[in-house]
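These notes concern the structure reproduced below.
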Amino acid sequence: MKKLFEQIGRYFVLMGKVFSKPEKMAIYRKRILAEIQDLGLNSIGIVAIISVFMGAVITIQMALNLESPFIPKYLIGYAARESMLLEFSSTVVALILAGKVGSNIASEIGTMRITEQIDALEIMGVNSASYLILPKIIGTVFFFPFLTILSMIIGVAGGYVVSILTGAVNPDSYIVGVQYQFKPFYITYSLIKSSVFAFIITSISGFYGYFANGNSLEVGRASTQAVVVSSIVILIFNLILTQLLLT
């Protein structure tokens, strides 16, 4: 327990350094654009692939479980849309990105720590924590919501395609269900969650990478810890945000 509180304290001290005033905004702007490219745009492929399969699987599962003639078939499209908007496009995609983006950040910063590049930045008078972590946080917080919107669109489209290919549900009924009782706030809810999750993934991964020490084996351990801890915190905050925003 003592170690846990010590880690939490070190995390908040590091975040204080991260959000201190930047030395030169022009350099930070360039780094933010570079991080959007590395952490955001390069994640579009995996988000698209996973989203289309999630939408397809949800549609097939709902079609198999709603075989009663008393249940209208358009509810299959409705359930697919609600599942993608409320949980899958934000929480599940965030957990997947925690593995991809989180390990990338932790290993990158951890490698800089053990090769003494961070020490060199400190000697030159650069706030290394802010210089390395802040652009990543800003880049992911602003870009992850776009990935969430992309996941929603592709997931619902994946369900529509599988309804055509398999005949599990009439495509027209699926479209009616997708439009049935649509609540725009659910999109806002998912975007808020994705931004919070982006901050959690980036800050925790940056923390474990920044305090990595030893050799390359320790960097690997720090990367694994970053993914595990950020995933656990995402699930905890998912419950909290659901209670705050949907009740």
Side-chain angles (χ1 to χ4, degrees), residues 36-37 39-101 140-198 200-201 231 234-235 237-247:
I36 289 175
Q37 167 73 32
L39 305 177
L41 292 175
N42 290 342
S43 301
I44 288 177
I46 187 171
V47 169
I49 292 171
I50 289 171
S51 297
V52 71
F53 280 104
M54 284 194 300
V57 169
I58 292 170
T59 302
I60 293 173
Q61 287 293 325
M62 294 303 299
L64 292 174
N65 288 289
L66 296 180
E67 294 182 344
S68 172
F70 299 104
I71 301 176
K73 292 297 182 183
Y74 68 80
L75 289 181
I76 296 172
Y78 172 77
R81 186 202 71 204
E82 295 293 274
S83 299
M84 292 302 300
L85 263 61
L86 290 173
E87 288 301 328
F88 285 89
S89 292
S90 55
T91 307
V92 176
V93 170
L95 290 172
I96 294 163
L97 291 175
K100 180 185 182 297
V101 174
T140 55
V141 166
F142 277 98
F143 197 81
F144 273 26
F146 291 100
L147 293 178
T148 299
I149 293 174
L150 179 68
S151 174
M152 294 175 188
I153 295 171
I154 294 177
V156 172
Y160 179 72
V161 170
V162 83
S163 70
I164 296 174
L165 296 178
T166 64
V169 59
N170 184 283
D172 293 333
S173 298
Y174 181 85
I175 294 298
V176 171
V178 169
Q179 298 172 336
Y180 179 68
Q181 289 189 354
F182 174 68
K183 296 180 181 179
F185 175 72
Y186 286 174
I187 295 180
T188 305
Y189 163 75
S190 284
L191 297 182
I192 292 171
K193 287 207 302 182
S194 64
S195 292
V196 173
F197 296 159
I200 290 170
I201 293 168
S231 298
I234 283 172
L235 293 174
F237 270 83
N238 182 50
L239 294 174
I240 295 172
L241 291 172
T242 300
Q243 290 295 319
L244 290 177
L245 298 177
L246 293 184
T247 56

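Heavy-atom basis, side chains included; hydrogens, waters and symmetry copies ignored.
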- Message: Would you compute the distance between atom CD1 of Ile187 and atom OG1 of Thr148 and round it to the nearest 0.5 angstrom?
- Response: 11.0 Å
- Message: How long is the straight-line distance from CZ of Phe237 back to CG of Leu244, given to the nearest 0.5 Å?
- Response: 10.0 Å
- Note on the structure: Nearest heavy-atom contact between Ser43 and Val101 is OG-CG2, 3.8 Å
- Message: If you compare all heavy atoms of Ala198 against all heavy atoms of Phe144, which two are closest, and at what distance to 0.1 Å?
- Response: CB-CD2, 3.4 Å
- Closest heavy-atom pair and its distance - Ser163, Pro171: OG-CA, 3.9 Å
- Query: Does a side-chain heavy-atom distance below 4.5 Å link Tyr78 with Val178?
  - Reply: no
- Gln61 versus Ile58: any side-chain heavy-atom pair under 4.5 Å? no
- Task: With rounding to the nearest 0.5 Å, note down the distance linking CD1 in Ile46 to CD1 in Ile44.
- Result: 12.5 Å
- Expected output: side-chain Ser173 to main-chain Val169 donor-acceptor under 3.5 Å: no
- Task: Report yes if the side chains of Arg81 and Phe182 come closer than 4.5 Å at any heavy-atom pair, otherwise no.
- Result: yes
- Nearest-0.5 Å distance that lies between atom CG in Leu64 and atom CD1 in Ile76: 8.5 Å
- Query: Just wondering, do Leu235 and Leu239 contact through their side chains at under 4.5 Å, heavy atoms?
  - Reply: no
- Over all heavy atoms of both residues, which pair between Ser51 and Val93 is shortest? Give the atoms and the distance, please. OG-CG2, 4.4 Å
- Task: Would you indicate whether the side-chain heavy atoms of Glu87 and Lys193 approach each other to under 4.5 Å?
- Result: yes
- Task: Could you check if a side-chain atom of Leu86 sits within less than 4.5 angstrom of a side-chain atom of Tyr189, using non-hydrogen atoms only?
- Result: yes
- Candidate list Ser190, Ser89, Ser194, Ser90, test side-chain hydrogen bond (donor to acceptor under 3.5 Å, both in side chains), partner Ser151, passing option: Ser89
- Can you tell me how far the CD atom of Glu82 sits from the CG atom of Leu75, to the nearest 0.5 Å? 10.5 Å
- Do the side chains of Ile96 and Lys100 get nearer than 4.5 Å, heavy atoms only? no
- Message: Does anything in residues 176-186 form a side-chain hydrogen bond (donor to acceptor under 3.5 Å, both in side chains)? List the pairs, not counting sequence neighbours.
- Response: none
- Is there side-chain contact between Tyr174 and Asn170, with heavy atoms separated by less than 4.5 Å? no
- Message: Here's a test for you: under side-chain contact (heavy atoms from CB on, under 4.5 Å), which of Leu39, Leu95, Ile234, Val196 qualifies with Ile201?
- Response: Ile234
Give the table of side-chain donor-acceptor pairs shorter than 3.5 Å for residues 155-162, with sequence neighbours excluded, one pair per line with atom names and distance.
none

- Approximate separation, where rounding is to 0.5 Å, of Phe185 CZ and Leu191 CG: 10.5 Å
